[in-house]
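Read through the structure below, which is laid out as structure tokens, and then see the notes.
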Amino acid sequence: VQLQASGGGLVQAGGSLRLSCAASGSIFGILTTMGWYRQAPGKQRELVVGITSGGFTNYADSVKGRFTISRDNAKNTVYLQMNSLKPEDTAVYYCNANLKTSALSRAQYYWGQGTLVTVSS
């Protein structure tokens, strides 16, 4: 199983970016929880937002009203629309997904490789 994240880059404060993360490989059924985390230099990785298969979302307070998560179950893809970006949003963004690889396997979390978002002031 691979999670391929893309869409990061350099943007000025107030700008927008859209991240994508596509899961591929041996995936059984639909992905349950999918999410985005980020890790800024010198800081611990933190949850940005998660979304369940039913569409329930859980946003970090710091991004509420600015970021929007969505998913396309048919494509095993999760998106993160980031608006009104701030310099403090600068970080490597990682996606993860909870999924099964077969009917008998346990669901476990897989991580993408990370994509760098840099917001200049």
Side-chain angles (χ1 to χ4, degrees):
V1 174
Q2 288 189 325
L3 270 65
Q4 183 69 43
S6 61
L10 173 64
V11 64
Q12 288 188 331
S16 299
L17 283 174
R18 187 187 192 219
L19 306 183
S20 299
C21 177
S24 62
S26 179
I27 299 171
F28 179 82
I30 66 169
L31 282 65
T32 53
T33 302
M34 304 181 76
W36 289 95
Y37 288 71
R38 67 186 180 187
Q39 187 167 18
K43 295 187 177 181
Q44 289 187 331
R45 190 174 298 189
E46 62 177 4
L47 172 69
V48 177
V49 58
I51 184 169
T52 68
S53 57
F56 177 80
T57 57
N58 179 33
Y59 288 91
D61 288 342
S62 59
V63 306
K64 283 180 180 178
R66 300 188 298 121
F67 291 10
T68 303
I69 191 171
S70 60
R71 58 187 290 169
D72 185 332
N73 290 334
K75 296 181 179 179
N76 288 331
T77 300
V78 63
Y79 305 96
L80 183 64
Q81 178 66 43
M82 304 185 295
N83 298 328
S84 302
L85 282 161
K86 304 176 181 179
E88 51 263 43
D89 294 318
T90 295
V92 177
Y93 284 69
Y94 299 89
C95 60
N96 79 347
N98 187 260
L99 60 92
K100 300 175 65 172
T101 57
S102 72
L104 299 179
S105 69
R106 289 185 176 183
Q108 58 182 312
Y109 282 96
Y110 292 82
W111 289 88
Q113 83 284 7
T115 184
L116 178 62
V117 172
T118 304
V119 184
S120 63
S121 57

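The first residue in the sequence is number 1, and the count goes up from there.
Cluster partners of Leu47, by chain and number: Tyr37, Val92, Tyr94, Trp111, Leu116. The rule joins Ile, Leu, Val, Met, Phe, Trp and Tyr whenever side-chain heavy atoms lie under 4.5 Å apart. Hydrophobic clustering, defined by side-chain heavy atoms of Ile, Leu, Val, Met, Phe, Trp and Tyr closer than 4.5 Å, leaves Tyr79 isolated from every other such residue.
Take Ser102 and apply the side-chain contact (heavy atoms from CB on, under 4.5 Å) test, not counting sequence neighbours, and it matches Leu104, Ser105. Judged as a side-chain hydrogen bond (donor to acceptor under 3.5 Å, both in side chains), and not counting sequence neighbours, Gln4 has no contacts. Take Thr32 and apply the side-chain hydrogen bond (donor to acceptor under 3.5 Å, both in side chains) test, not counting sequence neighbours, and it matches Asn98.
Pairs passing the disulfide bond (SG atoms under 2.5 Å apart) check and including a residue from residues 30-92, sequence neighbours excluded, do not occur. Screening residues 47-90 for disulfide bond (SG atoms under 2.5 Å apart), with sequence neighbours left out, gives no hits. Residue pairs meeting the salt bridge (charged side-chain N to carboxylate O under 4.0 Å, His left out) criterion with at least one member in residues 109-121: none, sequence neighbours excluded. For residues 24-33, there are no salt bridge (charged side-chain N to carboxylate O under 4.0 Å, His left out) pairs, not counting sequence neighbours.
When all heavy atoms of Leu3 and Gln113 are compared, the closest pair comes out as O-OE1, 3.4 Å.
Looking at Thr90, its side chain does come within 3.5 Å of a backbone N or O of Val119 through a donor-acceptor pair.
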What side-chain donor-acceptor pairs closer than 3.5 Å can you find for residues 60-70, not counting sequence neighbours?
unit_1, atom_1, unit_2, atom_2, d
Asp61, OD1, Lys64, NZ, 3.1
Ser62, OG, Arg38, NH2, 3.3
Arg66, NH1, Ser84, O, 2.9
Arg66, NH1, Asp89, OD2, 2.7
Arg66, NH2, Ser62, O, 2.8
Arg66, NH2, Asp89, OD1, 3.0
Arg66, NH2, Asp89, OD2, 3.4

Side-chain donor-acceptor contacts of residues 10-29 below 3.5 Å, not counting sequence neighbours, with atom names and distances?
unit_1, atom_1, unit_2, atom_2, d
Ser16, OG, Asn83, OD1, 2.9
Ser26, OG, Thr101, O, 3.2

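Taken to the nearest 0.5 Å, the CD1 atom of Ile51 stands 11.0 Å off from the CG atom of Asn58. To the nearest 0.5 Å, atom CG of residue Leu31 and atom OH of residue Tyr109 are 11.0 Å apart. In this structure, the separation between CE on Met34 and OG1 on Thr77 is 6.5 Å, given to the nearest 0.5 Å.
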